[in-house]
Amino acid sequence: MAHTDNQVLLGWVEDMVGLTKPDKVVWIDGSEEQLEELRKDGMATGEMVKLNQEKLPGCYYHRSAQNDVARVEDRTFICCHRKEDAGPTNNWMDPPAMYAKLLTIYNGCMKGRTMYVIPYSMGIVGSPFAKYGIEITDSIYVVLSMAIMTRVGNEVLDAIGPEGDFIRGLHSKAELDPEKRYIVQFPEDNTIMSVNSGYGGNVLLGKKCFALRMASCLGRDEDWMAEHMLILGIENPQGEVKYVCGAFPSACGKTNLAMLIPPELYREKGYKCWCVGDDIAWLRVGPDGRLWAVNPENGFFGVAPGTSEKSNPNALAATRKGTIFTNVVLKEDGTVWWEGLDKNPPRNALNWKGEPWDPESGEKGAHPNSRFTAPAKNCPCISDKFDDPNGVPISAIIFGGRRAKTAPLVYQSRSWDHGVFVGSAMASETTAAAAGQVGVVRRDPMAMLPFCGYNMADYWQHWLDMGKLIKDPPKIFNVNWFRTDDEGNFLWPGFGDNMRVLEWILGRCDGTADAVETAVGYEPRPQDINLEGSGVSEETLAEILSIDPELWKAEAAGIREFYGKFGDKIPAELTKELENLENNLK
Ligand code: GTP
Ligand code: SPV
Ligand code: MN
């Protein structure tokens, strides 16, 4: 049955069979016939609901357990031998203790169930950038989702070959018991273990567990970077395409920026945007001394609420076929709905919990972290470089987050090292993408707080070291689309209008845009951003660009306190940048 004679791989699968004791083992070969069989099986168990095939061909609906709707950061662990290597921002347990705990939970957990063995690739199979994994799971939803989000099947086993290495991933829904839910990375053993969850990021192990937590460790050891970043191509009227990466925390706008449609004014001139990736970038130094990015994924696991024909028509179009919708509203006609899709909440529909839903009840129909799992190829603005094994050269790195007051619309760092400081000092209001309180400001360096597989201070050092390896480094910026007025209304229109900020950013990269130096870095003057047709006045823009010294003094104090957690591991370059900021604010 197994299309491999890799003895290490076969031996590990056999061990996992011995541990979890499934009734049956099925190897995922990547064929459409097998996936179609699994969709039927999923419908028989109720795990998958077939949607209206005329309106949404190849689309299915899935509901997670009600206690299992987001990543669980408090139950996510980095298990390496030295606690210090996981650092103060990760949960840690000694590997033997964690293995002992997990083996008890996994023992016999697949009795009466089928085990699926999914060979998958992060990156283009056979390309030098690709890394391979095997995910074992007892969830059909996971198999079908992995087949959208990654490249799966026999070609991956061929690429691994008889001796090749791979990341081991064991997932079981087990009892979906939140008290026994664990998402565990063992970076020193190339192993991921996830149990008692059935929700996206906890169980689609190629994504955050592998492509960020494990890969960040590989990047540290092999001189590359695994980042929580979108990759966007911006084509000017001359047909030249420049690429940028953007790191924003979960549910802070990566998918939206990655699929941006420029305002009419720009489209008329001939500007176009192309999506290379919406969540994860693997970055390496190219032979030309520039930083090159690939998107290791093959699909989008996007936030549904707020996605509309107006806000993100490209994402919406991507979900019109071959997509799995999770925890959205299920309509009577077998289509789907969520808050922000349009102004017509459906009657006679079921909410994300599967209950009859009254749109007038004031209760939300879709879960705030409901999502779509859509093939990247469906996206109308997918880049022609999406499948290019070399990736794309990066001109700018853009950090950002949700800040009601402190951060200005955009500023540029003075240097690579200062840019690393800006990334390390990122903070953002929490969102529904993770279990826990929403809307509280927390520090989320490089949008990697929940995803860095090692000590964050060593990670910052790695960024500084990479800066020395890149001959022609990208310029580093910070943006904030979320400044509000005193009533809490967003001051900046965002979405397509973010093109206006991108234009300034690219202008800074090629030396054509003006800026003034402020306490935090280089900022545009209001007249440096094209506001034509935006409905934003220069006065409002001046307000969004303004820096309140008192808020920034508090910000600097917050950064100093955060740095304090890392003791003397903080790179001297960053402490120097912090002192510089403090002095500028005096
Ligand atoms: P993850 O998939 O969790 O990593 O999220 P993401 O960073 O891709 O976020 P996404 O683009 O899905 O956006 C999340 C939410 O932010 C949605 O509700 C959007 O409507 C909202 N959003 C995105 N861009 C903007 C913007 O420019 N302005 C405003 N006001 N809201 C935005
Ligand atoms: C995020 O939370 O950043 C996501 C969704 O992209 S998940 O895959 O659940 O992590
Ligand atoms: Mn994400």
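Listed by first and then second residue, the side chain to side chain donor-acceptor pair (under 3.5 Å) pairs involving residues 572-581 amount to none (not counting sequence neighbours).
Comment: Arg75 does not engage Glu73 in a salt bridge, judged by the lack of any side-chain N to carboxylate O separation of less than 4.0 angstrom.
Proximity of Trp492 to Ser534: side-chain heavy atoms (C-beta onward) are nowhere separated by under 4.5 Å. Inter-residue side-chain proximity for Val276 and Leu232 is flagged as unmet; no heavy-atom pair is nearer than 4.5 Å. With contacts defined as side-chain heavy-atom distances shorter than 4.5 Å, the pair Leu260/Leu502 qualifies. In this structure, Thr150 and Ser121 have side chains that are not in contact, with every pair of non-hydrogen atoms separated by 4.5 Å or more. Looking at heavy atoms from C-beta onward, Ile234 lies in side-chain contact with Met499 at the 4.5 angstrom threshold.
In this structure, Phe477 and Trp504 have perpendicular ring planes: the angle between them is above 60°, well past the 30° mark. Aromatic ring pairs are classed by plane angle as parallel below 30°, tilted from 30° to 60° and perpendicular above 60°; the pair Phe399 and Trp463 is tilted. In this pair, Tyr199 and Phe301 present their aromatic rings tilted. The plane angle is within the 30 to 60° band.
Aromatic ring centroids of Phe372 and Phe300 lie 6.0 Å or more apart.
The neighbour count for Asn489 CG, taken as heavy atoms of other residues, nucleotides or ligands under 6.0 Å away, is above 12.
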